[in-house]
Structure formats: C-alpha cells, structure tokens
Amino acid sequence: MKGRAVQQYIEGLTIGQGRHAGSPFKVLPFQKRFLNGAFAAGIGEAAWSLARGGGKSTTTAAIGCAALDGPLAQPDAEVLIVASSHEQGQIVFRHCLRFLAPKIDRNEFRVADTVNTSRLVHRRTGAMLIVKGSDPKRLHGAAPALTICDEVAQWPNPRIEEMLSALRTAAGKIPDSRMLMIGTRPADEGHPFAVALRDSDYVQVHAAGKDDPPFRSSIWKKANPGLDHFPDLLTAIRREAKSARKDESLLAQFRALRLNQGVADTVVNMLLEADLWKSIEGEAERSGPCIFGVDLGTTQAQSAIAGFWPETGRLEAVAAFPHEPSLEDRGHADGVGNLYRLCADRGELVRSGGRAVNVAELVEVAVDRFGRPASVSADRWRAGELADALQAAGINPAFDARGQGFKDGGEDVRSFRRACADGRVTPVPSLLLRSAMAGARTVSDPAGNSKLAKGSEGGRRLRARDDAVAASVLAVSSGVRQADRPAGGGYLGLA
C-alpha cells in the first residue's frame, strides 16, 4: 500500500527543530490513519482536520518530501504546497528544507528561497516542489501530481472557490493526481473546506463536539490526537484554557483553534438588535449637507451607497448588482429566494455593468436620488476608482478614507450604534436596509473593539449581502464626527 510506503519514508526523516530536533520522525497512529486513507487506491481528494498545533505543518512537509524524492515521486512531476499567502506557505517549506538538509548539502537539489519564490528541484529526476499563495492567477500552466492545500479555512475570501476550481482543473491534467486539504474547521458550514470535510473521497476529522465542556483534558484529546506526545502543546492548551475561563473572546478562540469545534474564533454580535432598528425607522427631511458612505464589492459582488443627512438624521441607501448572473440566479445561490427581485421592484436595488458593477453608474444613481454629497466616506480599498467616478460625475467632495480594521472600523461601529441609540438616525423604511441589517455581524478584539465582520467572520453567513449596512455605517459615523466638531469646524474639507 502507498500509505505504508509513505509512512516508512517519513520515519526515515529527521526532525529539524523543537524539542525533538535530531530525532527520527515518529509517525503517530492518527497520522498513519490519514496516510493510509489519503493514499489508498482510487482516492482523488482527501480532507483532514485537527486543532492548531497538532503537527499539521510538519506532516504536510513530510508528505511533500515523499512526493519529491520518496515513494510518491515521479520524474518531472510538480508538487504544490498552497497556503493563504506565500509567507504562510514558507513555514511548510522551511520544514522541507530541514528534512532534506543532508541531500541538499550533497547538491542533490536546487533550492530557490526568496521573498517571492520557494522551490525545490530534484536535479536527477526533475521533480519539483513549489509553494504558492492562494491566488488563482498564479496557477497558469500548473500540472501537479500532488497538491497540498494548507489551512484552507484561512484562505482569503472571496477567492477560495475560484482557487480550488483552478487547482482541481490543474490536477486533472495528470493521471492519478491527488489533492489533500488540511486545516482547522471553518465556522461556516457552507465554506468550501467544510464541504470538503463532508464530501471528499477520504475524510478524517479530529474535533470536540459543539456541546462538549471545553475545559476537560479528555475533550482536548478529541481535537488533539497527538496530545500525549506533545508536552509543549499540552502546556500551551492549559495556559490558554485558564485565560479562556475569564475572557469570552479568548474562549471563542479556544473553541475554534484548540478544540476545532467549527465555530467562529471571535465573539459573535449583531450590529444592531432588530427591535432597535425597527423602532427608529421613519421619515425625515433631506435637509442640510448630505454625506455619502460607499461600499464597493468585488467583481460580481454587490456595491452600495448610503446617503445620510446629519441635520435631520435621514438615512437611505441604494445598492447595485451587475447584470450577470440574473437576480433570480443570485437569489437561489445566496439562499434568499426572491429578495433581490423584491428590492429591485422597490427601486432599492439597481443593475449596473456586465459582470462587475460600474462604479460611475452607481455614483450617478446616488447623486440623482440624494443630491450632490458634501463629503464621501469610503474604504481605502478602490479609493482611486471611486475618486475617478466622482470626478466623472462632475463633483469633487471632501473624501474621508477609512480603514476596515479595529481602529477605524471600531470607531465607525461605535459611532453608528451610539447615533442609532440616541435617536440621531432615521432610516427610511427599506427592505434592502432591513435585510442587510439582519445579516450584519460584528467581531470583537480582546480589547473590546468591534468592527463589521467580513466573509464568515464572527458567524456571519458567507453569502450575506450587508453592503448597504456597511455603506450606512460609513455615512453615519462620518456625518456624526463632522456634526460634533466644535463651532466653526465645518464639514470635512469645506471650512
């Protein structure tokens, strides 16, 4: 069996760092089980999940070495190690260098190890191991015999599905190629790695149950099957468990990363309670300067612009989808039925562009509805494209560029929540805003700062369309900051 041959090869490697540096690699029972399952006949894809610190990186590197000059090796074959970023992939690559150090010293391999390139090439056979970040554009021409996807749950959205599709297409060029997906479980059951952990040809999951008590050592072993062999890991888990008993945000991380429970690693919170939002909906005049908040999505995603009038508190928004795919197909894919069609019928959702929203057209729609803005608040990302669209519309408002981390994002969320609670915001009755608010979540850092969740952070539904809320948070927080300035301060850039 291939799994047995791979195990024997790995046990001939020498650990290169840590407590066991200089010792032979001891393949533990749970690792043997994965090797036998993943390399059984007829297996094309295998998925393996266990908690952080359980030896995934060293095992990944050892398998990569086995495909480079061990029982899995083929002449001129490619082995891909794919991680969330090239920098992250270099962690596995460093293990490969240590495992193969004696052969590298004998000049059996060519090594390229720079900031942008990590590659090992077997001089005699031409087989090569390459590290890639999760960018599908960099896979052109790849034809791997083995692909190892490292910590798939940490790959950046929204490119995960595109990346996996590119990898599967590339793997299809080589007969009997294999793809292994390894990492901690994602919080979103619709995440591609969660799907792989259900549907792959071979699946192995080590995790505590969602209702298991988190502070029992017997429970820890469910997610950390090598715990008895890793004393440093046991010490770290004990220390983190002690802290997690006292801090809810640390408990969320403990459950996600140490117990591998498939939950969010941050505390989940609604942006606003539904009852509060319903209580402040109403009508207010469009009086005084209008502040635009702009949230631009990627490619086929939704984009939105909110208009806020600080003098009266009126808040309204318009969102846009590109024409492809249809609203009906989007609603089906996103699990919201005919919501998008209903929003479009109410005039709250427009179509713009072919496969990506035309930003200039969306700006024209917003200016036509809300008037010319006194200032615009937007994420720094795509700020140049937005500035061009504003200029094309013949307006040059003050620009308030905001980051989306806990510093700027935390300040914006606090301002928005406070303004809503204090009665300074009157959102017009809107199906678009109401549905977006229902899907909006925040995540908190250990210091208690909250920002809007992205992707599947904080229990947010991966396909949630809360762009109108993101734009509203920017508009309201910017308007409140300007309105609260000392007398004579004026509006941003206008006094």
Steps toward side chain to side chain donor-acceptor pair (under 3.5 Å) verdict (Ser49, His206): CA-CA 6 Å; Ser49 181; His206 302 275; over 6 Å; no
Working for side chain to side chain donor-acceptor pair (under 3.5 Å), residues Gln302 and Arg465: CA-CA 7 Å; Gln302 189 180 91; Arg465 303 301 181 188; over 6 Å; no
Verdict with reasoning, Arg124 to Glu108, per side-chain contact (heavy atoms from CB on, under 4.5 Å): CA-CA 7 Å; Arg124 180 174 57 82; Glu108 294 181 25; over 6 Å; no
Derivation of the salt bridge (charged side-chain N to carboxylate O under 4.0 Å, His left out) call for Arg94 and Asp113: CA-CA 9 Å; Arg94 297 281 184 271; Asp113 186 14; 2.9 Å; yes
Test salt bridge (charged side-chain N to carboxylate O under 4.0 Å, His left out) applied to Asp408 and Arg380, step by step: CA-CA 11 Å; Asp408 287 357; Arg380 295 190 184 98; 3.3 Å; yes
side-chain contact (heavy atoms from CB on, under 4.5 Å) assessment of Met128 paired with Val79: CA-CA 6 Å; Met128 66 175 67; Val79 180; over 6 Å; no
side-chain contact (heavy atoms from CB on, under 4.5 Å) between Gln404 and Leu452, worked out: CA-CA 8 Å; Gln404 295 302 296; Leu452 281 175; 5.5 Å; no
Trace of the side-chain contact (heavy atoms from CB on, under 4.5 Å) decision for Leu180 with Leu146: CA-CA 8 Å; Leu180 313 182; Leu146 176 66; 4.1 Å; yes
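The line from CZ of Arg216 to NZ of Lys222 is 10.0 Å long, rounded to the nearest 0.5 Å. The CG atom of Leu167 sits 9.0 Å away from atom CE of Met181, with the distance rounded to the nearest 0.5 Å. If you take CZ on Arg52 and CG on Leu257, they are separated by 4.5 Å, rounding to the nearest 0.5 Å. Rounded to the nearest 0.5 Å, atoms OG1 (Thr147) and CD (Glu45) are 9.5 Å apart. Distance OG/Ser118 to CD1/Ile130: 10.5 Å, rounded to 0.5 Å. Between the OG atom in Ser23 and the CD1 atom in Ile15 there is a gap of 7.5 Å [rounded to 0.5 Å].
In plain terms, the two heavy atoms of Ala304 and Ala471 that are nearest each other are O-CB, 3.7 Å. Summarising the geometry of Leu50 relative to Thr184, their closest heavy-atom pair is O-CG2, 3.4 Å, with the distance given to 0.1 Å. Closest of all the heavy-atom pairs between Ala38 and Ile43 is O-CG2, 3.4 Å. Nearest heavy-atom pair, Ala46 versus Phe34, reported as atom, atom and distance to 0.1 Å: CB-CE1, 4.3 Å.
In this structure, Asn260 contributes its side chain and Ala207 its backbone to no donor-acceptor pair below 3.5 Å. Remark: the backbone N or O of Ala83 is not paired with any side-chain donor or acceptor of Gln88 at under 3.5 angstrom. Side chain of Thr58 to backbone of Gly55: a donor-acceptor contact under 3.5 angstrom is found. Judged by distance alone, with hydrogens and angles left aside, the side-chain atoms of Gln204 form a donor-acceptor pair with the main-chain N or O of Phe30 at under 3.5 Å. Within the 3.5 Å criterion, the main-chain N or O of Pro322 finds a donor-acceptor partner in the side chain of Arg351.
Residues satisfying the side-chain contact (heavy atoms from CB on, under 4.5 Å) criterion with Glu273, sequence neighbours excluded, are Met270. Partners of His122 under the ring-ring contact (aromatic ring centres under 6.0 Å, His included) rule, at least two apart in sequence or in another chain, are Phe109. In this structure, the side-chain hydrogen bond (donor to acceptor under 3.5 Å, both in side chains) partners of Asp329, at least two apart in sequence or on a different chain, are Ser326. For Thr59, the side-chain contact (heavy atoms from CB on, under 4.5 Å) partners two or more places apart in sequence, or in a different chain, are Phe25, Gln31, Trp48, Ile63. In this view, Phe193 satisfies the ring-ring contact (aromatic ring centres under 6.0 Å, His included) rule with no residue, not counting sequence neighbours. Applying the ring-ring contact (aromatic ring centres under 6.0 Å, His included) criterion to Phe321, with sequence neighbours excluded, gives Tyr340. With sequence neighbours excluded, no residue satisfies side-chain hydrogen bond (donor to acceptor under 3.5 Å, both in side chains) with Asp211. Applying the side-chain contact (heavy atoms from CB on, under 4.5 Å) test to Ala66 and every residue at least two apart in sequence or in another chain returns Val6, Tyr9, Pro71, Leu72. Annotation: ring-ring contact (aromatic ring centres under 6.0 Å, His included) contacts of Phe39 (sequence neighbours excluded): none. In this view, Leu227 and Trp220, Lys221, Asn224, Leu233, Leu234, Ile237 satisfy the side-chain contact (heavy atoms from CB on, under 4.5 Å) rule, not counting sequence neighbours.
Side chain to side chain, Glu189 and His191 fail the donor-acceptor criterion of an N or O pair below 3.5 Å.
Classification of Glu385 and Arg382 as a salt-bridged pair holds, one side-chain N sitting under 4.0 Å from a carboxylate O. The residues Arg441 and Asp466 are annotated as not salt-bridged, no charged nitrogen and carboxylate oxygen being separated by less than 4.0 angstrom. In this structure, Asp379 does not pair ionically with Arg402, as no charged nitrogen and carboxylate oxygen lie closer than 4.0 Å. Using a 4.0 Å cut-off between a side-chain N of Lys or Arg and a carboxylate O of Asp or Glu, Arg258 and Glu240 qualify as a salt bridge.
Open room surrounds CZ on Arg238; 12 or fewer heavy atoms of other groups in view lie less than 6.0 Å from it. Around the CG atom of Asp345, the shell of radius 6.0 Å holds more than 12 heavy atoms that belong to other residues, nucleotides or ligands. Summarising the local packing, CD of Glu11 is surrounded by more than 12 heavy atoms from other residues, nucleotides or ligands at distances under 6.0 Å. Crowding of His229 atom NE2: a count of heavy atoms from other residues, nucleotides or ligands under 6.0 Å exceeding 12. By the neighbour-count criterion of 12 heavy atoms within 6.0 Å, atom CZ of Arg119 is sparsely surrounded, having that number or fewer from other residues, nucleotides or ligands.
For residues 22-39, no pair satisfies salt bridge (Lys or Arg N to Asp or Glu O under 4.0 Å), with sequence neighbours left out. The salt bridge (Lys or Arg N to Asp or Glu O under 4.0 Å) contacts involving residues 56-74 comprise Lys56-Glu151, Asp69-Lys103, where partners must be two or more places apart or lie in separate chains.
The only member of Leu129, Ile81, Val82, Leu80 that meets side chain to side chain contact (heavy atoms under 4.5 Å, CB included) when paired with Ile148 is Ile81.
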